[in-house]
Amino acid sequence: MKIDRIELREIHLQLVAPFETSFGVTTERRIILVKVFSEGLHGWGECTCNEGPFYNHEGTDTAWLVLRDYVAPYTIGKEINTPEDASGLSASIRGNKMARAAVETAIWDLEAKRRGIPLWQLLGGTQEEIPCGVSLGLQATDAALLKKVETELAAGYQRIKLKIKPGRDYEMVKAVRKEHPNIRLTVDANSAYTLGDIETLRRLDEFNLMLIEQPLAYDDIIDHAELQRQIKSPICLDESILSVDDARKALGIGACRIINIKLGRVAGHTESRKIETYCRERGVPVWCGGMLEAGIGRAHNIAMATEAGFVLPGDVSASKRYWTEDIIIPEVEVSPAGTIRRPTGPGIGFEVNEKRIEALTVRKEVIG
Ligand code: OSB
Ligand code: MG
């Protein structure tokens with residue numbers, strides 16, 4: 001197939017509650033959606049970057065530019081035999097993987113629709129249901145956090161992740177662990193610590209955490225390996241893993257024991273599958289990370305998380321935790337057992353609510 005044209009849209013969507021991490025607060029998402037057209041069919045992708053360059057170097061405006069001036073022109077009119085080819089077309093672009101993934105994932109959706117099969121099936125997914133957790137942002141008080149934990153456990157979520165940062169760590173985690181001695185509990189620092197904080201991080205060993213996510217620098221594996229030698233809690237890398245090569249190196253030097261795979265961060269389904277396979281063959285658990293996605297990104301995450309290596313609960317949760325109304329129909333729902341059932345329709349398996357998207361659009365550009 002050949003892609004005839006690519007439509008970019010920026011939509012604005014208000015979160016139901018502000019989401020605070022060690023690097024900032026998000027109240028409204030500025031999301032780029034990508035629609036790729038070929039031979040009368042189309043596929044959808046969502047760019048998962050944050051608004052500004054604080055999680056990684058990408059942001060909505062730079063991703064728009066990279067998509068418009070590089071990824072789209074490199075893709076349009078080229079012969080694509082498999083979705084893996086699509087990943088290769090933009091491979092000469094350094095970094096900017098979330099921008100690249102927006103088009104790459106849209107082409108996977110399109111290919112699955114062309115074949116009339118669900119995307120999870122095209123990806124080789126085997127799990128009928130995926131286990132879900134929640135990521136709780138920093139709250140003003142421990143009491144407010146505890147209330148959120150109660151709500152999410154009552155909804156059935158299988159794992160609670162707490163955002164931490166220096167000064168909001170030991171006592172806060174202790175308060176949650178005291179109330180909930182047996183739940184699956186994790187923490188995510190988003191790179192807020194350094195090796196100078198080993199004492200603080202080691203004290204978290206008291207709380208039987210399933211993992212500590214990305215405690216040190218966003219681009220580091222060396223210091224993480226040193227830290228992992230000195231603490232018992234398994235380190236899980238998020239920001240540092242951009243490819244299967246990164247996964248190989250990080251695991252090789254003992255920088256982590258678990259990997260969080262985010263589709264955008266690794267440039268799409270092609271690389272994500274390589275990481276999943278590499279880890280599964282070595283008994284290393286992976287799980288699906290989240291970037292506060294709207295429905296299209298969420299649907300891609302669900303398809304990815306059906307792959308066999310995704311054995312731990314992911315940050316894939318119900319649409320209503322994020323939005324008053326999502327951009328897909330039906331919205332993503334989580335069962336009382338804390339699982340999402342894979343969809344049955346072709347492609348991403350959810351209907352895209354184009355009317356709602358049109359109403360939310362603040363800019364649009366068609367390339368090709
Ligand atoms: O580090 O996992 C992260 C959100 C934005 C940027 C980075 C992260 C997150 C989350 C939210 O933790 C996960 C979600 O619910 O989508
Ligand atoms: Mg993270």
Side-chain angles (χ1 to χ4, degrees), residues 13 15-31 46-60 63 97-98 101 130-139 145 148-149 151-152 155 157-165 185-193 209-220 224 234-242 250 256 258-266 286-302 304-305 312-323 326 332 334 338 340:
L13 257 189
L15 284 167
V16 294
F19 187 77
E20 182 170 354
T21 67
S22 62
F23 61 80
V25 186
T26 309
T27 52
E28 186 186 59
R29 297 290 336 278
R30 293 176 54 211
I31 299 172
E46 178 175 328
C47 184
T48 64
C49 66
N50 276 184
E51 289 60 42
F54 305 110
Y55 163 79
N56 63 2
H57 62 275
E58 297 188 79
T60 309
K97 296 194 175 192
M98 290 174 163
I130 62 164
C132 304
V134 293
S135 172
L136 295 177
L138 289 158
Q139 305 294 316
L145 178 62
K148 293 238 171 202
V149 172
T151 304
E152 303 301 0
Y157 287 102
Q158 299 184 13
R159 179 227 65 194
I160 302 289
K161 158 169 146 184
L162 310 176
K163 290 291 188 181
I164 59 169
K165 67 176 183 181
L185 189 62
T186 75
V187 296
D188 186 359
N190 289 109
S191 300
Y193 297 86
L209 298 175
M210 199 167 84
L211 57 89
I212 298 183
E213 190 176 338
Q214 197 74 33
L216 309 179
Y218 76 96
D219 55 355
D220 168 77
H224 280 98
I235 291 176
C236 170
L237 289 177
D238 172 351
E239 283 88 331
S240 297
I241 305 297
L242 307 182
C256 64
I258 298 171
I259 289 176
N260 160 338
I261 301 183
K262 287 181 180 166
L263 257 182
R265 201 193 63 224
V266 305
V286 304
W287 55 279
C288 175
M291 289 295 292
L292 308 176
E293 287 92 345
I296 293 168
R298 198 164 298 281
H300 276 286
N301 283 344
I302 292 167
M304 173 178 81
L312 300 179
D315 283 345
V316 195
S317 23
S319 297
K320 67 175 181 200
R321 289 195 64 247
Y322 306 84
W323 325 110
D326 206 335
V332 174
V334 170
I340 295 173

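Remember, it's 1-based here, ligands and their atoms both numbered in the order they're listed. One is the number of the first residue; the rest follow in order along the sequence.
- The side chain to side chain contact (heavy atoms under 4.5 Å, CB included) search around A299 returns I348, F350, not counting sequence neighbours.
- R321 places no side-chain N or O within donor-acceptor distance of the main-chain N or O of E152, the cut-off being under 3.5 Å.
- Not counting sequence neighbours, S191 has no partner by the side chain to side chain donor-acceptor pair (under 3.5 Å) test.
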Show the distances, to 0.1 Å, for all pairs joining an N/O atom of ligand 1 and a protein N/O atom that are shorter than 3.5 Å, listing one pair per line.
residue  : atom   : partner : partner atom : Å
ligand 1 : 1 (O)  : K163    : NZ           : 3.1
ligand 1 : 1 (O)  : D188    : OD2          : 2.9
ligand 1 : 1 (O)  : N190    : ND2          : 2.7
ligand 1 : 1 (O)  : D238    : OD2          : 3.2
ligand 1 : 1 (O)  : K262    : NZ           : 3.3
ligand 1 : 2 (O)  : K161    : NZ           : 3.0
ligand 1 : 2 (O)  : D188    : OD2          : 3.4
ligand 1 : 2 (O)  : K262    : NZ           : 3.0
ligand 1 : 12 (O) : S135    : OG           : 2.9
ligand 1 : 12 (O) : K161    : NZ           : 3.3
ligand 1 : 12 (O) : K163    : NZ           : 2.9
ligand 1 : 15 (O) : Y322    : OH           : 2.5
ligand 1 : 16 (O) : M291    : N            : 3.4
ligand 1 : 16 (O) : L292    : N            : 2.8

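- Protein contacts to the Mg ion (ligand 2) involving N, O or S atoms at a distance below 2.8 Å are D188 OD2, E213 OE2, D238 OD2.
- Ionic pairing of K262 and D315 is not present here: no N-O contact between side-chain nitrogen and carboxylate oxygen is shorter than 4.0 angstrom.
- When only modelled atom types and interatomic distance are considered, E293 and T48 share no side-chain donor-acceptor pair under 3.5 Å.
- Counting non-hydrogen atoms of neighbouring residues, nucleotides and ligands closer than 6.0 angstrom, the OH atom of Y218 reaches no more than 12 such neighbours.
- Remark: R298 qualifies as a cation-pi partner of Y322 under the 6.0 Å distance and 45° angle criteria applied to the six-membered ring.
- Looking at N190 and E239, their side chains do bring a donor and an acceptor atom within 3.5 Å of each other.
- A 4.5 Å side-chain heavy-atom check between I160 and K148 finds every atom pair outside the cut-off.
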